[in-house]
Student: 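Dropping the structure in here first, questions after.
What's counted below: heavy atoms across the whole structure, side chains too, no hydrogens, waters or symmetry copies.
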Amino acid sequence: MPGVCWVFLLLLLFAHICDGFYLPGSYMHTYSTKDTIFAKVNSLTSIETELPFSYYSLPYCKPLGGVKKSAENLGELLMGDQIDNSPYRFRMNVNESLYLCTTSPLNEHEVKLLKQRTRDLYQVNMILDNLPVMRIAKQNGVNIQWTGFPVGYSPPNSNDDYIINHLKFKVLVHEYEGSGVEIIGTGEDGMAVFPKADKKKASGFEIVGFEVVPCSVKYDPKAMTKLHMYDKVSSVNCPLGLDKSQIIRERERISFTYEVEFVKSDIRWPSRWDAYLKMEGARVHWFSILNSLMVITFLAGIVFVIFLRTVRRDLTRYEELDKEAQAQMNEELSGWKLVVGDVFREPDCPKLLCVMIGDGVQIMGMAAVTIVFAAFGFMSPASRGMLLTGMIILYLFLGIVAGYVAVRLWRTLKGTSEGWRSVSWSVACFFPGIVFVILTVLNFILWGSKSTGAIPISLYFVLLSLWFCISVPLTLIGGFIGTRAEAIQYPVRTNQIPREVPARKYPSWLLVLGAGTLPFGTLFIELFFILSSIWLGRFYYVFGFLLIVLLLLIIVCAEVSVVLTYMHLCVEDWRWWWKAFFASGSVSLYVFLYSINYLVFDLQSLSGPVSAILYLGYSMIMAIAIMLSTGTIGFITSFYFVHYLFSSVKID
């Protein structure tokens, strides 16, 4: 009790000291006039190939001190980010037009590479004070925002390509005066706190926007080579005609220049990401949610009828009869009551079922916790790669839950703990093993393409170490705890001889596969936005909608599985275990088919077999994860439904 009081007093003291704080995002940098800031460059990316390449794989100007890589987290490395320093120098509130460098005459390889990157629509991704550069382009009279700017452009009806070698930057700044606000952040530079005593130090200018107008300018190489880096040059009015643009061809020498304009803005630092995260199609999201609510209401009505009319009525009639009448009634009965002696008979492949349920719990737990944290704003877009890093860490530590659930189910099915180590090992290796095999195949393809998206060998060892040093031991610990937990007791005895399942006019698996359309109807609109975020380079930050969709998906999966399980039991089919799993898990089939549809109709720009194989490989991983998680929801709900249903039946 005294310890609690001390903690409370410390919290009150901290609350008194702090007037407020910003969370999340990197902590606020304030700059004085003429302070030097250098931009950074990320990997070149394209929506046509989905193969990222290093910025310095093209003949761009390099910094005076040489190229230095920035420290990257696990998520950034897995996403193919490669953040390097750049020669682009900015001095706070100093508008200037500067020269960078002139390349040596382009050789055949450099020309081929520049032309290829230009025609594949590769974008240069630049970062200033942790903000990506934004380009505003007009299309059909509408302003469209893009992050990054193109390597070059190819005029229509022409075989010539032109390189972007002059950049007109506009940096939006907000004058900040320290007001005692404490700033706590989780960005790429770690945490920082500005106490009240240092508010003068915190005063200055904040960078709240970073825009660019790219253009191509043909310079006289003889005149430009006389200049040194950061010498002043005359300003350029963009765009220019093709005769004044820099063509890409052999023996050409390309000069790179840029100009900077600082503009004061009313945008405050906490709102600076709003321009990037403008939510498009809010009505579509709400339509998706209302559509899902209608499906849920319809299914809830069916479940309500099953429980209150059919089940309750049958149980009441069954329990009011005396023993002789029950025996006579049993001969005439049809439906779920006839499978009372077989309903808890061990399913086919019980170990595989336990393993898939364990992995499903692990994946669903990881997804739910990540989306909740993201919905409450703890996954800032300023912290690149943190979402993926957080998901991996959560998955590793949820191994203990996966091992516990799988082994406890194994004990329930087998009646003994024998073989629990094998089950735990299988849980730890099943889904990660599938992902590892697919990623290894894709990685060989990326290595062959010399893409920065390829996972380095060192990172492979890091991932394997995390897998075998954290996930596997925790799963085994969870399995051991599962052996100590009490097994779930069946409410009825199982007959020694299995009951024959009546013949059906149509295969029962057809109904199971059809059931997946209902959860898919809940998911597919949000799936479109997620796929667009991954493959078209758009920011996805509507995690509030995603959280609602996740909750609706869980409810729909549970309801669909219960209804399908009851329907199977009513036709005396006691083999419900796997059907309950795939009734909701079959949504993954429709997700994968939709991914193929998205590839064909929405990613028409995606070119080459390498890009298509990458897309399908990652889509396969996503579909398997969805199958395991949704199937687990359906199975667990159906198991407790069947347990409740038959625990109400009196058996002598």
Side-chain angles (χ1 to χ4, degrees), residues 292-312 314-315 334-340 342-350 352-353 356-357 360-361 364 409 413 499 501-524 552-593 623 626-649:
S292 303
L293 285 171
M294 289 174 64
V295 173
I296 285 172
T297 306
F298 172 71
L299 289 171
I302 296 175
V303 174
F304 182 80
V305 168
I306 289 172
F307 272 105
L308 293 188
R309 292 187 61 188
T310 313
V311 175
R312 282 293 178 192
D314 288 353
L315 286 174
S334 62
W336 61 270
K337 293 172 287 295
L338 286 177
V339 296
V340 68
D342 297 274
V343 70
F344 290 108
R345 189 176 299 282
E346 183 182 306
D348 296 331
C349 307
L352 179 61
L353 180 64
M356 292 175 79
I357 297 300
V361 168
M364 179 51 70
L409 180 59
L413 294 177
R499 180 186 181 85
V501 178
R504 303 282 293 276
K505 291 182 180 179
Y506 54 89
S508 58
W509 285 102
L510 199 62
L511 192 61
V512 169
L513 289 175
T517 55
L518 292 171
F520 179 71
T522 306
L523 184 66
F524 83 98
L552 297 179
L553 179 67
I554 290 170
I555 296 169
V556 172
C557 286
E559 290 178 345
V560 162
S561 190
V562 165
V563 172
L564 262 290
T565 300
Y566 182 75
M567 288 174 66
H568 282 109
L569 293 177
C570 282
V571 293
E572 303 174 35
D573 187 352
W574 48 266
R575 299 168 303 186
W576 60 272
W577 305 83
W578 282 107
K579 289 166 187 173
F581 181 89
F582 284 112
S584 52
S586 60
V587 66
S588 61
L589 174 65
Y590 298 99
V591 168
F592 188 69
L593 292 175
I626 289 172
M627 179 193 71
L628 292 171
S629 52
T630 54
T632 296
I633 294 165
F635 174 82
I636 292 174
T637 312
S638 291
F639 180 84
Y640 283 104
F641 166 73
V642 173
H643 192 280
Y644 167 79
L645 184 62
F646 284 91
S647 63
S648 305
V649 178

Student: Walk me through whether F646 and L569 qualify under side chain to side chain contact (heavy atoms under 4.5 Å, CB included).
Tutor: CA-CA 11 Å; F646 284 91; L569 293 177; 4.1 Å; yes

Student: Backbone N or O of S638 within a donor-acceptor pair of the Y566 side chain at under 3.5 Å?
Tutor: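 The answer is no, because no donor-acceptor pair under 3.5 Å joins these two groups.
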
Student: Contact between L352 and W578 at the side-chain level, heavy atoms closer than 4.5 Å - yes or no?
Tutor: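 Result yes, sub-4.5 Å side-chain heavy-atom pair found.
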
Student: Below 30° counts as parallel, above 60° as perpendicular, anything between as tilted: where do the rings of H643 and Y640 land?
Tutor: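 Judged by the thresholds at 30° and 60°, the geometry between H643 and Y640 is tilted.
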
Student: Can you list the residues that meet the side-chain contact (heavy atoms from CB on, under 4.5 Å) rule with R575, with sequence neighbours excluded?
Tutor: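 With neighbours one apart ignored, the set is V501, D573, K579.
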
Student: Quick one: does any side-chain atom of S561 pair with a main-chain N or O of A558 as donor and acceptor, under 3.5 Å?
Tutor: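 No.
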
Student: A side-chain contact here means heavy atoms from C-beta on lying under 4.5 Å apart; do P519 and T630 qualify?
Tutor: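 They are not in contact (no side-chain heavy atoms under 4.5 Å apart), so the answer is no.
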
Student: Any side-chain heavy atom of L353 sitting closer than 4.5 Å to one from F635?
Tutor: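 When only atoms from C-beta onward are counted, F635 and L353 do touch, with a gap below 4.5 Å.
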
Student: Looking only at heavy atoms, what is the nearest atom pair of A583 and V512, with distance?
Tutor: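 Of all heavy-atom pairs spanning A583 and V512, the closest is N-CG1, 3.5 Å.
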
Student: Got V556 and L523 here, is their nearest side-chain heavy-atom distance under 4.5 Å?
Tutor: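 Side chain of V556 against side chain of L523, heavy atoms only: no contact under 4.5 Å found.
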
Student: What's the shortest heavy-atom distance between T632 and L628, and which atoms?
Tutor: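 In terms of heavy atoms, the two residues are closest at OG1-O, 2.6 Å.
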
Student: Write down the atom of V560, the atom of A515, and the distance for their closest heavy-atom approach.
Tutor: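 That would be CG1-CB, 3.6 Å.
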
Student: Counting N and O atoms only, with roles assigned by atom type, does the side chain of W577 sit under 3.5 Å from a partner on the main chain of R345, one being a donor and the other an acceptor?
Tutor: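 Looks like yes, one N/O pair under 3.5 Å.
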
Student: Kindly indicate whether the side chain of F582, heavy atoms from C-beta on, has any atom under 4.5 Å from the side chain of M627.
Tutor: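 Yes; the side chains approach each other to less than 4.5 Å.
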
Student: Decide yes or no on side chain to side chain contact (heavy atoms under 4.5 Å, CB included) for V343 and L645, but give the supporting numbers first.
Tutor: CA-CA 11 Å; V343 70; L645 184 62; over 6 Å; no

